[in-house]
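In what follows, every heavy atom counts, from backbone to side chain, and hydrogens, waters and symmetry copies are set aside. Just so it is clear, the structure is predicted and the values come from calculations on it, not from any experiment. Start at 1 and go down the list; that is how both ligands and their atoms are numbered.
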Amino acid sequence: MTTLTLVSHHLCPYVQRAAIALHEKNVAFDRVTIDLAEKPGWFLKISPLGKVPLLRVPSAEAGETVLFESSVICEYIEETQPGPRLHPEDPLERARHRAWMEFGSAILAELWGFETARDFATYETRRQALAAKFAAVEAVLGAGPYFAGASFSLVDAVFAPIFRYFDVFDTIAETGIFAQAPKVKAWRADLAARPSVRAAVGEDYPRRLRAFLVAHDAHLLKLAA
Ligand SMILES: N[C@@H](CCC(=O)N[C@@H](CS)C(=O)NCC(=O)O)C(=O)O
């Protein structure tokens with residue numbers, strides 16, 4: 001029994017990174033989705049931080065090793081699984097990619113504040129902070145279609161779930177976050193069309209994200225036309 005199991009949540013962008021990497025490498029894997037509002041006992045036993053994703057890796061000697069932290073999981077997938085390479089060969093370029101993966105996590109922290117903002121002032125502060133972060137991304141993007149050009153990389157796997165939020169936000173109101181970032185916009189469109197990105201969430205993702213916004217009384221909903 002060698003199948004990897006990804007312990008997931010329907011909306012989690014960190015889980016999606018690992019799912020995208022596995023899909024890119026054509027690795028068959030099992031996916032177990034949990035309710036983070038009611039974490040099962042078995043999950044709490046194996047998740048040191050009580051967070052998803054986890055990657056359960058079966059091994060003949062140890063029985064199983066459980067990996068946590070999405071970046072670590074992505075690096076493990078990259079190092080152990082067959083299929084196309086998702087990191088550059090050159091160490092300096094690889095380090096630069098890891099840095100932009102971290103930048104993606106910083107965007108996610110900001111994005112949480114944006115989507116859960118209940119009042120205009122918080123919403124606007126977060127909106128401007130996100131626009132500034134995407135301006136920094138705009139400055140390093142090339143001709144595309146992906147972060148590093150023609151080949152898909154882990155940086156793409158990190159940013160695709162970020163952009164997915166905006167596919168739902170855009171159906172509610174115009175945030176203007178990408179107004180000054182044409183390269184980011186084009187990157188976003190190319191990632192949205194990628195089969196691995198599409199396969200990383202269920203069809204009910206938009207409905208679930210909207211329900212999340214309603215549950216948080218998100219200011220964004222008040223901007224609906
Ligand atoms: N740094 C972690 C972040 C993972 C994370 O924040 N996961 C969220 C869901 S998107 C979670 O499990 N939250 C549960 C909790 O904090 O109780 C990673 O990259 O894996």
Heteroatom proximity flag, Tyr14 to ligand 1, N/O under 3.5 Å: no

Ligand 1 to Arg17 polar contact by distance, N or O atoms, under 3.5 Å: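 Among all N and O atoms of Arg17, none is under 3.5 Å from an N or O of ligand 1.
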
Six-ring centre of Phe166, Arg188 cation under 6.0 angstrom, axis tolerance 45°: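 No, Arg188 does not lie over the aromatic ring of Phe166.
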
I need the nearest protein heavy-atom contact for [atom]: residue, atom name and distance, please.
| atom | answer |
| --- | --- |
| atom 20 (O) of ligand 1 | Ser70 N, 2.8 Å |
| atom 1 (N) of ligand 1 | Glu69 OE1, 2.8 Å |
| atom 10 (S) of ligand 1 | Cys12 SG, 2.6 Å |
| atom 16 (O) of ligand 1 | Lys51 CE, 3.6 Å |

side-chain hydrogen bond (donor to acceptor under 3.5 Å, both in side chains) between Glu124 and His219, worked out: CA-CA 10 Å; Glu124 188 53 21; His219 181 75; over 6 Å; no

More than 12 heavy atoms of other groups within 6.0 Å of Arg198 CZ: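 For Arg198, atom CZ is not crowded (no more than 12 foreign heavy atoms under 6.0 Å).
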
For Lys39, the ligand 1 atoms whose distance to one of its heavy atoms is below 4.0 Å: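 Those atoms are 14 (C), 15 (C), 17 (O).
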
Numbered atoms and elements of ligand 1 in range of Pro53, under 4.0 angstrom, heavy atoms: 20 (O)

Under-4.0 Å heavy-atom contact with ligand 1, by part of His9 that carries it: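 It is neither part, as no heavy atom is under 4.0 Å.
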
Within reach of ligand 1, part of Val52 (heavy-atom separation under 4.0 Å): both

Only pairs under 3.5 Å count here: list side-chain donor-acceptor contacts from residues 106-113, not counting sequence neighbours, and write none if there are none.
unit_1: Glu110; atom_1: OE1; unit_2: Lys133; atom_2: NZ; d: 3.3
unit_1: Glu110; atom_1: OE2; unit_2: Arg126; atom_2: NH1; d: 2.9

Spatial distance of atom CZ (Arg56) from atom CD1 (Ile46) [nearest 0.5 Å]: 3.5 Å

Parallel, tilted or perpendicular: ring planes of Trp187 versus Phe159, cut at 30 and 60 degrees: tilted

Side-chain heavy atoms of Leu220 within contact of Tyr123, under 4.5 Å: yes

